[in-house]
**Q** 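What follows is a structure written as structure tokens; I'll ask about it next.
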Amino acid sequence: MSAPRPYNLIAELTYRCPLRCAYCSNPLDWQRVRDGLDAPAWSRVFREAAELGVLHAGLTGGEPGVRSDLREIVAGAAAAGLYVHLVTAGVPLDRAALATLRDAGLCSVQLSLQDVRAGDGDAVAGAEVHERKLAFAAWVRELELPLTLNVVLHRHNLERVGAVVALARDLDAHRLELANVQLHGWALANRAALLPTRSQLDAAAAAVRTARAEAPRPEIVFVLPDYHADRPKACMGGWGRKNLVVAPDGTVLPCHGAAALPLEFWSAAERPLADCWTRAPGMNAYRGEAWMREPCRDCPERERDFGGCRCQAFALAGDAAEADPACALAPAHAAVVTAREAAERGESAQWVLRGRHG
Amino acid sequence: MSWSRDEFEARLRGVLDERYHDRHPFNRRMHEGALSREELQTWIRNRYYYQTRIPLKDSVILTKSGDPAFRREWVQRIHDHDGTAEREGGLELWLRLAEAVGLERTEVEDLSGVLPGVREACDDYVRLVEERDLVEAVASSLTELGAGKIMHVRIEAFERHYPWVGEEGLRYFRSRTTQAPKDADWGLPWVLDHATRADVQGRCVAALEAKCDILWRLLDAVAAAHRVPRLTAAARRRDDPQDGRPTVVLPERAVRLNDSGREILDLCDGKRSADAIARTLRLRHPDVEAIEPDVHGFLAEMERLGVLESAA
């Protein structure tokens, strides 16, 4: 099977992180995934990715800043000609380290922020980090790097969207991603604590419209979450289609969560990246449309949403080849509706923070 | 419940107080004498498109009325713009203004240099008049309530700050100092008489708001043509190693261009204005029809995608 050209490499440098966010997108068994690629190995992955057509490397984790060889990794990505984008929680990197990364070829920074209020933000992150993050944002701009802020929205912070935009403007962010919580991994385990109500989302959407009318910057991204949209999202722009994820141990995946599926993926630590992308059985399992069942198979939306999220189908319907339960037409849609109705009734729970690094 | 006649009039005038384009930064700069010759030329070239739409929208309004008295009155507006055997109309006087600021008459008349944003705004005006009731269409023309005053301000500003334009160029403005108040003196009472129900009054106010927004957008597009674009800090240009296509990579997306896009971006150096870039490309490609609107459309799209920003 011929594979499409990937444009974007998501390099998960490590799953270690000083934060313990209740909605962490890493796999539940993250502690078992070791950091399998050293800086020279990552440099080889970047070069091979560029040969495949990749233009862009997002360095993420976990927290990439915990890697002592991060400068070397950044330099390797830049040497391969890639646009180097760092996705960070803002700890433990300090200003000097950030300056070193910029000089090594870092192009832009995405900083996560949990809330506008320190107490609430630190509670969901499981660490005292809010004030430090504000300082980090200032360093990014002092060093003249473009800043994207990413704020995960959920039941307990959605009402502060207006204040989030004001803070993003104060911090001189170029872009603000208001990321409605994706219910995978840890977040799925904490679904009852995180899932918002429809009226919360509508109020937030109105606040976003107001903010966009006030000023063109920052660019604000806000998408109605699939649990409330009754339509699946075009997860990763399609399975194995544009985005290539390399996990800390070198496993090449179509998305952050696919390692949880019962599929065979290959490792870039052991084989050329092109083989892992093009030929691994797991990568080809849901490429294209041949795998689709009813109602996706004949659905005109399949060219837009690519059948939605395979990981969500596996987690909620028990079969990754099923229609994404977020879709109102999916046989397993009731799983989403039940969770949504519980949220509307106000049935919430206390979240459980991600486990500590063992 | 409907408004009293006085209250309704106050609402309509309130719309103009808040939204009439005398408050637009471009008009303010014009009246302070801060516009360059090129900026004046861009405004005049583009505003001509608006002038050409006025008789069209007035013709649409005529088709909406079964009342000969109304039509006898309203048809005067078409004569005012198109002219008669005895006197030149507003369109001709506007072309005199264009010549007075150094534009070629034919280049203005053929509308080839009209900016996409201006075309869109003016076409929206004709559409608004087509889609709404007669009384709303007439209400949308009540921007004339503000036109007399702005013309006086403008004549004074031109005489003081742009004396090189000359008297012949100001004849359009002078003609409107009497025409616009005369039209408004007829149009306002007509709207007050014919919109007595609350819902109709509300729709008249909305139509006047929409018209103000159209005039505002026209100036937004004109002003944008003179901004100075440059690559944003986040954007990195490169040629795609696989197919050689010019590409701009941003933190969250890659924008793939063609060779025309590459040529335009090459000129976005933070020194040239959008207008200067468009004119440079017209000189380079004399065989390409209507290249300037395409250039401005491209620059607006690149700004939206985060590839370009305006230099301070």
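Protein chains get the first letters and strands the later ones, always in sequence-line order, with residue 1 at the start of each.
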**Q** Counting heavy-atom pairs closer than 4.5 Å to chain A, which one of B:E303, B:R304, B:R256 comes out on top?
**A** B:R256
**Q** So which part of B:A254 gets closer than 4.5 Å to some heavy atom of chain A, the side chain, the backbone, both or neither?
**A** side chain
**Q** Do A:R5 and B:D243 pass the side chain to side chain contact (heavy atoms under 4.5 Å, CB included) test, and can you show the C-alpha distance, the side-chain angles, and the key distance before you say yes or no?
**A** CA-CA 12 Å; A:R5 168 183 172 178; B:D243 57 21; 4.2 Å; yes
**Q** Taking A:H85 for the side chain and B:E252 for the main chain, is one N or O donor matched with an acceptor at less than 3.5 Å?
**A** no
**Q** Side chain, backbone, both or neither: which part of B:P251 has a non-hydrogen atom closer than 4.5 Å to chain A?
**A** both
**Q** Closest approach of B:L308 and A:R217, non-hydrogen atoms and distance?
**A** O-NH2, 4.4 Å
**Q** If I measure from the heavy atoms of chain B, does A:E51 come under 4.5 Å with its side chain, its backbone, both, or neither?
**A** backbone
**Q** Hey, could you give me the CZ/CG distance between B:R236 and A:L82, rounded to the nearest 0.5 Å?
**A** 12.5 Å
**Q** Using heavy-atom distances under 4.5 Å, tell me whether A:L145 contacts chain B through its side chain, its backbone, both, or neither.
**A** neither
**Q** Once you round to the nearest 0.5 Å, how far does OH of A:Y83 lie from OG1 of B:T247?
**A** 14.0 Å
**Q** Do you know which of A:V221, A:L52, A:L147 has the most heavy-atom pairs under 4.5 Å to chain B?
**A** A:L52
**Q** Return the CD to CG distance between A:E219 and B:L250, rounded to the nearest 0.5 Å.
**A** 9.0 Å
**Q** Counting heavy-atom pairs closer than 4.5 Å to chain B, which one of A:Q110, A:E144, A:H174, A:R175 comes out on top?
**A** A:R175
